[in-house]
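These notes are about the structure you will find just below.
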Amino acid sequence: MNKKIAVLPGDGIGPEIVAQAVKVLDRIASVYGHKFEYTYVDIGGCSIDKFGIPITEEGIELCKNSDSVLLGAVGGPKWDACPPNIRPEKALLAVRKELNLFANLRPIKLFPQLASASPLKKEIVGEGIDLLIVRELTGGVYFGNRQTEEINGELVATDIMPYSEHEIERIGRVAFETALKRRKKLASVDKANVLDTSRLWRNVMHSLSKEYSEVSYSDILVDNTAMQLIKNPTQFDVLVTENMFGDILSDEASMLTGSIGMMPSASLSSGTLGMYEPIHGSAPDIAGMNIANPLGTVLSAAMMLRYSFHMTTEADLVEQAVEKVLDEGYRTGDILQEGTVKVSCSEMGDLVVSHIGMS
Ligand code: NAD
């Protein structure tokens, strides 16, 4: 297969970690006879420095015309004083909007090899946590009308949280389809005891659940979900929820693993185009030192193979290679434990590559 990949390394550790993921993709291409063609696009602070804006129209067009987008991270203290409309993160919102990336998939996996990094007790994490949060990304309160007005001598702020049936249905389908590829268990998170948007959400999900009889479906209130993630996280397979609940719950859930450098994510559109990135930021404190953990980005590239290119075997191989490297005891500084071997960012990339096929 020939695939065009837009590569957006960004700022801070972005270029170092993205380089490792590209190495891994190159190895997959050579082992399986694929051709991956990379186009590099400036995003975030480096784009502000060059062009005065966090991403150019041309950059966005390049992403749109690609089969997939691989992103490092954006931002850093150098650009903190930029006016709000040209801050580095603005570019992320622009790409999400322009590419219509409405579904955010965040796998939360506590690798058994890193179980001691979890802030939860061993009895709770058991054999390891393995769940996936599907978050609606382009609707709800973050995109509804808002205003602050003076009423009776004081300021009153209002944020509207709209959801339409088609928005709920399309994210619901992503969630059910994703559950089918996993342990076939889906919990839909809402606040249907209070919110109209949640009642509509629940009705649409119930209708969809009839189409997906193979998936064991349940509803769960968002406040209970926040508690259950701490109390009994291994009960979950796939969770689907609206934008703001998903924002909060996915950050809570990723902390259960204790290793931010390991966590990948995918943002998908209705076609196969997606943007893949680690969940962490640009880590300016360790940028340029070749010590960052590249595995979150490598695992994001594996998600790209799985979700955008439907290369399931190749994706499995990358994930297994990461597990093997961890089994052998290699660790970057952020996940170092007693008795393990410290390696650099680029050495970690090479180790993953060495477990994928022959050279
Ligand atoms: P951060 O995720 O960059 O860093 C938090 C801590 O985790 C730091 O100590 C960092 O060294 C460590 N860390 C993060 N990734 C790591 C990795 N791969 N390997 C080893 N250690 C790692 O969060 P922050 O410090 O709050 O933000 C720094 C900058 O990143 C800010 O400008 C912020 O706006 C931006 N940011 C960008 C994104 C994005 O691009 N999607 C997301 C979050 C934050």
Side-chain angles (χ1 to χ4, degrees), residues 6-21 24 41-49 54-55 59 63 69-84 86-97 99 101 104-106 111 114 117 119 135 137 142 246-248 250-252 254-255 257-267 274-301 303 322 325-326 330-337 340 342-349 351-352:
V7 182
L8 286 53
D11 307 313
I13 59 170
E16 302 160 50
I17 53 176
V18 163
Q20 308 317 311
V24 169
V41 176
D42 290 309
I43 188 168
C46 61
S47 175
I48 295 173
D49 288 349
I55 189 161
C63 293
V69 179
L70 179 67
L71 173 76
V74 298
K78 184 176 173 195
W79 304 282
D80 279 350
C82 286
I86 61 154
R87 283 183 64 84
E89 310 84 57
K90 275 275 164 194
L92 300 180
L93 297 179
V95 175
R96 278 180 197 161
K97 185 164 166 265
L99 274 58
L101 302 173
N104 182 238
L105 270 55
R106 201 187 270 196
F111 290 89
L114 304 177
R135 166 188 167 195
L137 204 57
Y142 294 173
D247 188 7
I248 298 165
S250 58
D251 270 10
E252 180 196 356
S254 46
M255 283 303 102
T257 69
S259 35
I260 195 174
M262 300 290 301
M263 298 287 109
S265 78
S267 301
M275 180 161 83
Y276 299 84
E277 56 180 311
I279 68 155
H280 58 72
S282 59
D285 51 333
I286 56 167
M289 296 162 78
N290 193 24
I291 59 171
N293 185 344
L295 295 179
T297 320
V298 167
L299 292 168
S300 301
M303 289 187 85
V322 168
V325 172
L326 294 176
Y330 295 108
R331 306 280 188 274
T332 42
D334 57 314
I335 52 172
L336 193 68
Q337 299 152 306
T340 58
K342 189 173 180 179
V343 294
S344 68
C345 178
S346 53
E347 283 167 337
M348 186 55 103
L351 283 161
V352 176

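Every number for a ligand or one of its atoms is a count from 1 in the order of the listing.
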What residue and heavy atom of the protein are closest to atom 15 (N) of ligand 1, and at what distance? His280 CG, 3.2 Å
Proximity winner for atom 44 (C) of ligand 1, if only heavy atoms of Ala292, Gly281, Gly14 are counted: Gly281
Just let me know how Leu92 lines up against ligand 1, side chain, backbone, both or neither, with a heavy-atom cut-off below 4.0 Å. side chain
N or O contact, Gly72 vs ligand 1, cut-off under 3.5 Å: no
Measure Leu71 to ligand 1 on non-hydrogen atoms and call it side chain, backbone, both or neither using the 4.0 Å cut-off. neither
Under a plain distance cut-off of 3.5 Å, with no hydrogens placed, do Ser346 and Asn290 share a side-chain donor-acceptor pair? yes
Atom 40 (O) of ligand 1: closest protein heavy atom, distance to 0.1 Å, is Val74 N, 2.8 Å
For atom 7 (O) of ligand 1, closest protein heavy-atom neighbour: Ile260 CG2, 3.9 Å
Please state which option from Ala283, Gly333, Cys345 has its nearest heavy atom closest to atom 12 (C) of ligand 1. Ala283
Does atom 36 (N) of ligand 1 have any protein heavy atom closer than 4.0 Å? yes
With atoms numbered from 1 as shown, which atoms in ligand 1 lie under 4.0 angstrom from a non-hydrogen atom of Glu277? 41 (N)
Side chain Glu89, main chain Val74, donor-acceptor under 3.5 Å: no
Spatial distance of atom CD1 (Ile279) from atom CG (Asp251) [nearest 0.5 Å]: 6.5 Å
Give me the residue, atom name and distance of the protein heavy atom closest to atom 34 (O) of ligand 1. Glu89 OE2, 3.9 Å
Are any of the N/O atoms in Asn293 less than 3.5 Å from those in ligand 1? yes
Side chain Asn104, main chain Ala266, donor-acceptor under 3.5 Å: yes
Please report whether atom 27 (O) of ligand 1 has a protein non-hydrogen atom at a separation of less than 4.0 Å. no
Measuring from the heavy atoms of Ile13, does anything fall under 4.0 Å of ligand 1? yes
Counting heavy atoms only, which of Ser282, Gly296, Gly75, Pro77 comes nearest to atom 30 (O) of ligand 1? Ser282
With a cutoff of 4.0 Å, is Gly76 in contact with ligand 1, counting heavy atoms of the residue only? yes
Using a heavy-atom cut-off of under 4.0 Å, does the side chain or the backbone of Ile286 touch ligand 1, or both, or neither? side chain
Could you measure the distance from the CD1 atom of Ile335 to the CE atom of Met348? Nearest 0.5 Å is fine. 5.0 Å
For ligand 1, which atoms sit closer than 4.0 Å to a heavy atom of Ala73? 40 (O)
Minimal non-hydrogen separation, Leu137 against Ser267, with atom names: CD2-OG, 3.7 Å
For ligand 1, indicate whether the residue Pro278 contacts it via side chain, backbone, both or neither (heavy-atom separation under 4.0 Å). neither
Is Leu295 close to Val352 at the side-chain level, that is, under 4.5 Å between some pair of heavy atoms? yes
Nearest protein heavy-atom contact for atom 9 (O) of ligand 1: which residue, which atom, what distance? Asp285 OD2, 3.0 Å
Specify the closest pair of heavy atoms between Asp11 and Gly75, including all atoms of both residues, with the distance to one decimal. OD2-N, 2.8 Å
Residue and atom name of the nearest protein heavy atom (relative to atom 25 (O) of ligand 1), distance in Å to one decimal: Pro284 CD, 4.6 Å
